[in-house]
2 protein chains.
Amino acid sequence: MNLEEAKAQFIQSWGILGSQWGINRTMAQIHSLLLVSAKPLTTEDIMEQLSVSRGNTNMNVRELIDWGLVDKVIIPGERKEYFSAEKDIWKVATLIMYQRKKRELDPMVKVLNQLSTVDGDKKNEDVKAFVDTVTNIKKFAGQAEKTLDTIIKAEENWFWGSFIKLFK
Amino acid sequence: MNLEEAKAQFIQSWGILGSQWGINRTMAQIHSLLLVSAKPLTTEDIMEQLSVSRGNTNMNVRELIDWGLVDKVIIPGERKEYFSAEKDIWKVATLIMYQRKKRELDPMVKVLNQLSTVDGDKKNEDVKAFVDTVTNIKKFAGQAEKTLDTIIKAEENWFWGSFIKLFK
DNA sequence: AATAAGTTTCACAAATTATTGAAAGTTAGA
DNA sequence: TCTAACTTTCAATAATTTGTGAAACTTATT
């Protein structure tokens, strides 16, 4: 397999994976294109290599920058903006976990807390089932949150070292 | 807040969360409806409570059963099928992790392995960048796989006990 | 200030995904 | 075996999400 084929397949697969995780295909594809490029690319490079419009490229690059997965790079003497992706996969994973925690777990915890105030006969079977379930999810979410925070703050070496050993 | 309101809000929120994770809204809503119901429900109950068609209900219930999140329950003397959800959140999380690993991580690893066979000048900058990135993702995916396997096999108590303490 | 290079926005179009509902298929019991 | 209760399928349709591209906007340079 030559480089171009391999890149194309990687971009394709990464795009599919992304879309299964609620990230749009183009965003994932731009990310993977930047991941496998040795040098920073311009908006035009991206447009050309992925056959995607300028507007779409711009929006998704902006989103990637928002997530911290991509950086603007300024090349001295050039007017154009260049973009490059964080290549350290551990950092990438960490950034994604952080973003998703912030955008999804945190709001869910907020809702769960409001739901605790459900009133009614505590002996009623339905009320009991509901309160039980919500309480359990809240506990789980709380632990998940703590665990994520720790992982996010952890150094890569720590993860690859003691953490993995623990799971052998 | 009364029970009905609380249930409705829970179902709504769970549905949104699901859709951010590539699970369709109705499937997530049916799951949450069953999660907070004291007793098993029939297809008709679900249709009525979520205002969803028979076909849609059937398809999504089947998918939930497929994932192992919902069970058919047969009530003696009744012809209808009843459905109930696994209420233990740790088990729910475990089942979901397992399904997603199987459906997404495993295929990605397969692709990554194929991509290792990229040929070309190993001193070429682009080839190097590509091989580097793919190799790193492969390593990461391998470790993630191991970790997930261990978590999936682990007992709840083990998780809530030593695992969490480690992260304090 | 004028110009040109570069970036962003947004109404509309295209593509994708979910839902409906009626018809076909099953199954338990008479 | 027949039939009525119940479940499943799937082609058509609706809803949602994503992408386009030209116009508006911004900024650097002369």
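What's counted below: heavy atoms across the whole structure, side chains too, no hydrogens, waters or symmetry copies. Throughout, a chain's letter reflects where its sequence line sits, starting with A, and its residues are numbered from 1.
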Does D/dT9 have OP1 or OP2 under 4.0 Å away from a side-chain N or O of B/Arg62? yes
cation_pi(B/Arg62, B/Trp67) dist<6.0 Å, angle<=45: no
Looking at B/Leu112, is its backbone amide N or carbonyl O close enough to the side chain of B/Ser116 to form a donor-acceptor pair, meaning the two atoms are under 3.5 Å apart? yes
Could you state the atom-to-atom distance from CD1 of A/Ile30 to P of D/dT20 in whole Å? 10 Å
Determine whether the side chains of A/Asp45 and A/Thr42 contain a donor N or O and an acceptor N or O closer than 3.5 Å. yes
With nearest nucleotide decided by heavy atoms, which residue, A/Glu78 or B/Thr57, maps closer to the 5′ end of DNA chain C? A/Glu78
Please give the angle, rounded to 10 degrees, between the axes at the start and the end of the helix from C/dA1-D/dT30 to C/dA30-D/dT1, where five pairs define each axis. 10°
Does a side-chain heavy-atom distance below 4.5 Å link A/Lys139 with A/Gln143? no
With heavy atoms under 4.0 Å as the rule, sort B/Ser19 into base, sugar-phosphate or nothing. nothing
Would you kindly give the CD1-to-P distance between A/Ile65 and C/dT8, to the nearest whole Å? 8 Å
Is the number of heavy atoms from other residues, nucleotides or ligands within 6.0 Å of CD1 (B/Ile65) greater than 12? yes
What integer distance in Å separates B/Lys80:NZ from C/dT27:P? 19 Å
Measure the distance from NZ on A/Lys72 to C1' on D/dT26 and round it to the nearest whole Å. 11 Å
Distance-minimising heavy-atom pair for B/Met27 and B/Glu63: SD-CG, 3.3 Å
Do the numbers put A/Arg25 on top of the ring of A/Trp14, so that NZ or CZ is under 6.0 Å from the six-membered ring centre and no more than 45° off the axis? no
Length of the line joining B/Tyr82:OH and D/dT7:P, which is rounded to integer Å: 10 Å
Could you check if a side-chain atom of A/Glu125 sits within less than 4.5 angstrom of a side-chain atom of B/Lys39, using non-hydrogen atoms only? yes
Indicate, yes or no, whether a donor-acceptor pair under 3.5 Å links the base of C/dT7 to the side chain of A/Arg54. no
Give the rounded distance in Å between these two atoms: CG of B/Asn60 and C1' of C/dT19. 9 Å
Which is true for B/Thr42 with a 4.0 Å heavy-atom rule: it touches a base, it touches only sugar-phosphate, or it touches nothing? nothing
Taking for each residue the nucleotide of DNA chain C bearing the nearest heavy atom, is the 5' side occupied by A/Arg25 or by A/Arg79? A/Arg79
Rounded off to whole Å, could you give me the CD1-to-C1' distance for the B/Ile74 and D/dT7 pair? 13 Å
Calculate the interatomic distance between B/Ile46 atom CD1 and D/dT8 atom P; express it in whole Å. 12 Å
Short side-chain N/O contact to C/dG6 OP1/OP2 from A/Thr43, under 4.0 Å: no
If you pin A/Ser53 and B/Phe83 to their nearest nucleotides in DNA chain D, which one's is more 5'? B/Phe83
Short side-chain N/O contact from A/Asn58 to OP1 or OP2 of C/dT8, under 4.0 Å: yes
Side-chain N or O of B/Asn56 less than 4.0 angstrom from OP1 or OP2 on C/dA18? no
